[in-house]
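Data block below; observations after.
Any value given below was found using the heavy atoms of this structure, including those in side chains, with hydrogens, waters and symmetry copies removed.
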Amino acid sequence: MKKINIVRSWLIGSFVLFGITSCTAGFEDANRPGHETSLEELGRDDYAVSSFITELQNFAFPEQENTYQNTEDLIGNYLGRYMTYVKPDFSVKNYTCFNASDDWKIVPWRDVFAKATSSFNAVAVLTQEEGPMYALALILRAQLMLRFTDTYGPLPIGVEEDANAYSSQEKVYSHLIETLDKAISIITPLVETNPGLVLKADADKVYGGKMNQWCKFANSLKLRMAIRMRFVNQDEAQRIAVEAYKAGVIEQNEDNCAITYIPNGQYKTSVDWGDSRACADLESYMNGFGDPRIYQYFKNTEEYGRRSVVGCRAGANVTNKDLAMKKYSAANIEEDSRGMWMTATEMTFCRAEGAMLGWDMGGTPGALYNQAVRLSFEQWGVAGQEYYYLENSENTQEYYYDAADGYGGNHAPVSTITVKWDDNDSPERKMERLIVQKWIALFPDGQEGWNEIRRTGYPCVFPVAQSTNGYDLDVPNRIPFDPREMNGNNQENYRKAVEMLGGKDDYAARMWWQNGGNK
C-alpha cells in the first residue's frame, strides 16, 4: 500500500492527462476544481486498469493519424521502402535523406515513449505488478520498447540505478525477453485451465481480451527478437527461438495481431491526406515478380502510365504534391481497415530462417518458405494464385521506369533474385530469396521492413534520389536521439548512450544486432 500512496497524485494526474473521460457516471463532476478523485474511485471495477491498457495499446500499435505519421510513416514506412513522401514540405529535411529536423526527432519521444511509459507505470501500480492485466501490460510494453530500441539503439528503460540512464541495446533485448517470460508465466497457467479465457474484452482493441492469443503474440515477439539477434549471439538466439516456437507462436492468419482503430493510420496519411505514395523499391520487385498482391497493397494511379501501380523513388525532390498524387499509387486501404502488426506469415519466415541454421522449427527451410508465401496470399485475399508464383524461377526485379515527368528518375534493377526456392542455391542466395519475400509480405509494417534491410542487407534497394548529406548508406542505420536529451537535464546519460553507439549520435551508428548489410 505504501507504493500506491507514493504515486497516488501522479497516477490521478496521469489519468486526467490521457483524457480517459468516457463510460463512468459522475466522472466530469469528480474532476471539477475542488473535488479530488480517490484512487479507490479510479480503480473501481478495474476501470482505471482497463483505460490505461487501452492507452498503452494506442502507443504500442500506433494507428492514431498524427502518431502513426510521426513514428511509422516518416520513419518505418519510408526507410523500409514501402511508402515515400510526395509532400514538398517533407522533401527538404527528412529521415530518408539523413537530415530530419529537430522538430521531427522530438515527437516520438515526447508523444509516444514518455506517455507509454506513464501508462505502463500506472498499470503496474494499480495491479501491484500481479495478475493477467499486468502481464498484458508487460507484453504491450515489450512491443513498444522493441520498436524504439530498433530505431535508436540504447534506450532508457528504467532498469539502471539512475532511472533516466540508457541501457545498451543488448541489455534492452535481454530485459524484454525476461519481461515477456514473466508475462507468459502468468498467463499460461490460466489458459491451460481455461483455454477460452477472456478478460476485459472492451479494453482490448487487438484480441478482444482473448488471453491465449496474447500468449501466442508474446511467444511470437520472442521469436522475432531471436531472429533479429542471431548474427551476434546465435546460441542464445537458438535457445529463445526454439523455446518460443514450442510454446506456441502465431501460425494461422486467424491469430494475426491487428488493432481496430478508426480511422486507420495509413488511410489518413496516404489516402485522405495524400502525403505518402508507394515506394519504387517495393513496386519494382512486385511488378517484376508478377505478384498479384500488389493490387491489394496499392491503388491504380490516377494518371495512366506504363503500368497501373507506380511507385516513387525514395528521397525524390517532389515539388508539386497534386501532380505527384496522380502519378504515383496510394495505399489500397480503407478507413476501417485493421492495422496489422504481426502475422503468421512473418513467424513462418522466421521459422524458415531458423531452419536454415539447423534449429528445430517444425519443418525444412523450403517447406516453411513456401508455407509463409501461401499464408501471405491467403491474408491478402489472393489464395490459389501462389502456385504459379512459387514455381517462377525466371522473373526478377523489374527495371524501374519513373512516371512521365516524375520526380525520382529511372533506375536499373539492383537484384537478380527469383522466387522459386532452390535447395541447391548458395546460403547467401537462399538468404536473399527468403528475406526479399519476407520483406514483401511484411507490408505495411515498414518498421519491420527497415529492420530486415539493416539486419541482412536484403532486399537490395535503390540509392536515395537526393543527396544523403555525406552518408554512404542506402537507408539510415538508426535515428538520432531526441535533441532535448543533449541540451537538457539528461546530458550525462545522453553522453554515455552516445559512447555505447561508438561515439556519434548520427544515422550511421549501427544496431547491436546488425549483420554486414547496409554498410
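With sequence neighbours excluded, the residues that form a side chain to side chain donor-acceptor pair (under 3.5 Å) with D445 are R147. Considering only residues two or more places apart in sequence or on other chains, A218 meets the side chain to side chain contact (heavy atoms under 4.5 Å, CB included) condition with I139, L180, I184.
Below 30°, between 30° and 60°, or above 60°: for W380 and F443 the angle between ring planes is between 30° and 60°, a tilted geometry. Aromatic ring orientation, F217 versus W214: perpendicular (interplanar angle above 60°, classes split at 30° and 60°). Between W104 and F90, the ring-plane angle classifies as perpendicular under the 30° and 60° cut-offs.
With a 4.5 Å cut-off on side-chain heavy atoms, W513 and I227 do not count as touching.
Between E63 and R338, no side-chain nitrogen of the basic residue sits less than 4.0 Å from a carboxylate oxygen of the acidic one, so the salt-bridge criterion is not met. Comment: R478 does not engage D506 in a salt bridge, judged by the lack of any side-chain N to carboxylate O separation of less than 4.0 angstrom.
Note: W439 and Y82 meet the aromatic proximity criterion, with ring centroids under 6.0 Å apart.
Y400 and A280 make their closest contact through CE1-CB, 3.4 Å (heavy atoms, listed as atom of the first residue, atom of the second, distance).
Put simply, the residue from R230, K430, K438 that forms a side chain to side chain donor-acceptor pair (under 3.5 Å) with E353 is R230. Each of E65, Q69, Q64 was checked for a side chain to side chain donor-acceptor pair (under 3.5 Å) with T67, and the lone residue meeting it is Q64.
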